[in-house]
Peer 1: 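Before we start, here is the structure in question, set down as structure tokens.
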Amino acid sequence: MGTSEKAGAVPANGAAPIQRFYSDRSWIEGAAEEQLTFVAGMAGVSSVAAFPDLHPGKYGPVGSAILADRIYPQLIGNDIGCGMSLYALDLPARKLRLDKAAAKLRQLEGVWTGNAGARLAGEDLPTDLHNQALGTIGGGNHFCELQVIDEVTDGALLEAAALRKGDLVLLVHSGSRSLGTAVFGSVLDRFDGLDPNSPDGKAYRAAHDQAVRWAALNRELIAERAAKALRCDLRIVADAPHNLVEDHAGGILHRKGAARVDQALVPLAGSRDALSYLLAPCREQAEALASLAHGAGRKYDRRSMTGRAGGTRSDRDSLGRTSFGGLVVCEDRQLLIEEAPAAYKDPAQVLKDLQSAGLAAPVAALKPLVTYKKAVSDTLESARQDKRRRLWDRRAKR
DNA sequence: ATGTAC
């Protein structure tokens with residue numbers, strides 16, 4: 001980086017400034033800090049913002065926003081366009097039976113049989129673009145959760161969104177499935193980044209932008225499938241993608257698990273056994289790069305969860321229920337363990353840090369009722385794999 | 001994260 005007029009904002013070592021929006025009360029791994037430092041030193045990076053959900057990722061710190069003069073596809077990774085959508089349901093909460101709702105949500109399993117071509121065309125996408133996966137949640141940390149508006153902290157803002165305490169909502173976390181994987185796969189040898197104005201940069205950006213629109217449509221279709229299964233209507237409250245590149249302040253902003261704040265309300269996802277929140281973004285701070293935390297953030301990686309949760313039968317059974325009396329639909333045992341609530345940080349602390357940093361204010365807390373992840377039974381092979389990992393971990397501890 | 005990889 002040269003001695004431009006921006007030199008005053010650049011630390012002596014030439015790395016970009018890192019703005020941290022978390023306190024020492026948040027659980028931040030050393031590896032995530034190292035990744036932040038690495039990313040801030042990458043060529044062309046001018047600004048980095050880190051949020052309290054920060055945790056190490058495969059190619060960089062998840063829970064950060066990175067402004068650069070070029071596109072680094074690895075910072076976005078596979079799941080281009082991944083994000084959170086919140087929908088209001090016109091279903092009376094008092095009529096809801098959780099076990100029946102859980103049974104109905106099982107209809108989310110399998111393919112969606114609607115008119116994919118028409119919906120894709122409506123989003124200005126090719127009518128045959130990856131349509132076999134449309135309307136499906138996927139695996140990992142993706143979910144579709146039925147929630148109830150619990151505590152209200154800003155009644156006026158909630159009312160402005162035509163919501164009130166006791167209303168049922170749907171929080172959908174999903175992305176572009178293997179469409180995004182294919183787009184990332186086409187640039188795997190480009191870790192030095194792409195000039196956004198070069199043919200390669202433009203080609204990536206075009207395919208990326210399609211995956212972003214596909215992912216948003218996918219969340220919409222998942223919500224529609226869920227509402228149809230629950231036999232009610234739905235209305236969108238917010239859609240906040242957190243994994244993509246976009247133009248920002250004359251550069252390329254990489255959202256690496258950092259929610260976009262261009263709407264009145266932004267969802268902050270908790271774990272399935274913790275509250276989620278509806279946030280009102282505060283006046284913009286340039287250093288925050290128009291971003292917020294996207295969730296609680298992982299505390300433990302997937303692999304290490306095998307030794308931490310689901311060790312006994314009763315432990316595994318308890319993973320299917322929540323302390324709120326909620327239900328979890330996830331018949332893949334390995335997934336149930338990897339995504340155990342213990343794998344996640346406390347979303348209330350994430351909220352506190354965002355609040356004290358002056359980035360957002362809570363509007364309402366959302367209580368999980370039914371978390372839908374996967375309704376098909378895990379295979380014999382994945383059970384065997386689970387057992388092998390367990391034995392291996394036990395041996396490693398000696 | 002993923003119609004994974006053994």
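All chains are named by letter (A, B, ...) in the order of the sequence lines, taking the proteins before the strands, and each is independently numbered beginning at 1. Not measured: the values here are computed from a predicted model.
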Peer 1: Using a 4.0 Å heavy-atom cut-off, does A:T181 contact any base of the nucleic acid, only the sugar-phosphate backbone, or nothing at all?
Peer 2: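 The residue A:T181 makes sugar-phosphate contact but no base contact.
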Peer 1: Could you check how far CG of A:N131 sits from P of B:dG3, rounded to whole Å?
Peer 2: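 One finds 14 Å between P of B:dG3 and CG of A:N131, rounded.
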Peer 1: Calculate the interatomic distance between A:K374 atom NZ and B:dT4 atom P; express it in whole Å.
Peer 2: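 For the pair A:K374 NZ and B:dT4 P, the rounded distance is 11 Å.
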Peer 1: Residues in side-chain contact (heavy atoms from CB on, under 4.5 Å) with A:D301, at least two apart?
Peer 2: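 For A:D301 the side-chain contact (heavy atoms from CB on, under 4.5 Å) partners, ignoring immediate neighbours, are A:R303, A:S304.
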Peer 1: Which residues pass the ring-ring contact (aromatic ring centres under 6.0 Å, His included) test with A:F191, not counting sequence neighbours?
Peer 2: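 By the ring-ring contact (aromatic ring centres under 6.0 Å, His included) rule, A:F191 matches A:Y59.
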Peer 1: Roughly, in whole Å, what's the span from CD1 in A:I80 to C1' in B:dT2?
Peer 2: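 Rounding to the nearest Å, CD1 of A:I80 and C1' of B:dT2 are 13 Å apart.
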Peer 1: Could you check how far CD of A:E338 sits from P of B:dT2, rounded to whole Å?
Peer 2: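 My rounded result for the distance is 12 Å.
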Peer 1: Taking atom P of B:dG3 as reference, at what distance in whole Å does atom CG of A:L335 sit?
Peer 2: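 About 13 Å, once rounded to whole Å.
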Peer 1: If you look at every strand shown and take non-hydrogen atoms under 4.0 Å, does A:G175 touch a base, only sugar-phosphate, or nothing?
Peer 2: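 Touches nothing.
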Peer 1: Nearest whole angstrom, please: distance from the C1' of B:dT4 to the CZ of A:R303.
Peer 2: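 So the CZ-C1' distance, A:R303 to B:dT4, works out to 15 Å.
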Peer 1: Base, sugar-phosphate alone, or nothing: which one does A:H130 contact when heavy atoms must sit under 4.0 Å apart?
Peer 2: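 Base contact - A:H130 has a heavy atom under 4.0 Å of at least one base atom.
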Peer 1: Roughly how many Å is it from CD1 in A:I76 to C1' in B:dT2, rounded to a whole number?
Peer 2: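 From A:I76 CD1 to B:dT2 C1': 17 Å.
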Peer 1: Once you round it to whole Å, what is the distance between C1' of B:dT2 and CG of A:D332?
Peer 2: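 Distance, rounded to whole Å: 13 Å.
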Peer 1: For A:Y372, does the six-membered ring have the charged nitrogen or CZ of A:R106 within the cation-pi criterion, i.e. under 6.0 angstrom from the centroid and within 45° of the normal?
Peer 2: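 Because its charged atom misses either the 6.0 Å distance or the 45° angle limit, A:R106 does not stack over A:Y372.
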Peer 1: Test the A:R308-A:Y300 pair against the cation-pi criterion, namely NZ or CZ under 6.0 angstrom from the six-membered ring centroid and within 45° of the ring axis.
Peer 2: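 Yes, a cation-pi geometry.
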Peer 1: Describe the nucleic acid contact of A:G77 in one word from base, sugar-phosphate, nothing, applying a heavy-atom distance below 4.0 Å.
Peer 2: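 If one applies the 4.0 Å heavy-atom cut-off, A:G77 turns out to touch nothing in the nucleic acid.
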Peer 1: Please work out if A:G139 contacts a base, only the sugar-phosphate, or nothing of the nucleic acid, heavy-atom cut-off 4.0 Å.
Peer 2: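 Sugar-phosphate, backbone atoms only, no base.
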